[in-house]
Amino acid sequence: MNKILYVDDSKENLERFNYKLGELFDLTLCECPIEAIELAKKNSYDLILSDILMPKMSGLQLFHKITNAPWYASTPIVLKSLSLDESIKLEALEITKSDFLTTGMSFEEISLRLQNQIYRHRASKRIKLGYSLVIDIDAISAVFNDECLGLTKQEFKILKTLSLNKLSSKEALVEAVWGKGHRADDNSINTHLVNLRKKLEKTSHRVVNVRNQGFMLSVVESEL
């Protein structure tokens, strides 16, 4: 089930969306955009849905905060508003380059629009991590500040796997590099991990070993 973080200062809206879409999506409901940023940082969501008109922080401000964070991983962000002011809709579409939910839409239509955004994101050939690290699926390369990191195919596959998951076991990395059912010794995967770590040193991302669980991408705290 696809995971969606839904941010709205209206408790009534949160409850209504949860009632209508709770069986189709794994919804995390949040009334505070500031708390939403922490949730987005610590969790892996397939999409973030946010109301625009909120008192502490507008949906557009929330969009900028998340997309400019070094830990941002290209998660699609969709904004919504029940306002009839078309300028709000046009501004949101121009800035987010995504979809927009407005009054008059049925929940069936809303569900399809959200699913379409998730599908397009997964089909994307470029994955942006943080400010300037881009994984180019077609070119099998990683670029930081317009400079190619020179990853081998194995290192690229490891980075891609880690970029799509919060945590990956060593077995999952072996499968990603050599294919399902392959059994590689620890030295082989460790060598690739060491080399990948060296090439990522110029970026804000690091490959971290989570004891007894696997590996994950982390952001250097000093660069947050």
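In this chain, numbering begins with 1 at the start of the sequence shown.
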Ser141 and Asp136 side chains, donor-acceptor separation under 3.5 Å: no

Residue pair Asp8 / Ser10, side-chain donor-acceptor N/O under 3.5 Å: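 Not at all, the side chains of Asp8 and Ser10 share no donor-acceptor pair under 3.5 Å.
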
Plane angle bin for Phe17 and Tyr6 - parallel if under 30°, tilted between 30 and 60°, otherwise perpendicular: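 Judged by the thresholds at 30° and 60°, the geometry between Tyr6 and Phe17 is tilted.
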
Verify same cluster id: Leu39, Val78 (apolar side-chain graph, 4.5 Å): no

ILVMFWY cluster, Ile52 and Met54 together (side-chain gap under 4.5 Å):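 Ile52 clusters together with Met54.
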
Looking at [X], I'd like to know if its [atom1] atom is crowded, meaning that more than 12 non-hydrogen atoms belonging to other residues, nucleotides or ligands lie closer than 6.0 Å.
X: Phe107; atom1: CZ; result: yes
X: Lys65; atom1: NZ; result: no
X: Lys199; atom1: NZ; result: yes
X: Asn145; atom1: CG; result: yes

Residue among Val210, Val208, Leu173 satisfying side-chain contact (heavy atoms from CB on, under 4.5 Å) with Phe215: Leu173

Pair listing, side chain to side chain donor-acceptor pair (under 3.5 Å) test, anchored in residues 21-38, at least two apart: none

Working for salt bridge (Lys or Arg N to Asp or Glu O under 4.0 Å), residues Arg113 and Glu109: CA-CA 6 Å; Arg113 285 176 178 268; Glu109 179 181 355; 2.9 Å; yes

Closest contact, heavy atoms only, Val177 versus Ile158: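 Scanning both residues, the minimum pair turns out to be CG2-CG1, 3.5 Å.
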
Any donor-acceptor pair under 3.5 Å from Arg206 side chain to Leu200 backbone: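 The answer is yes, because a donor-acceptor pair under 3.5 Å joins these two groups.
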
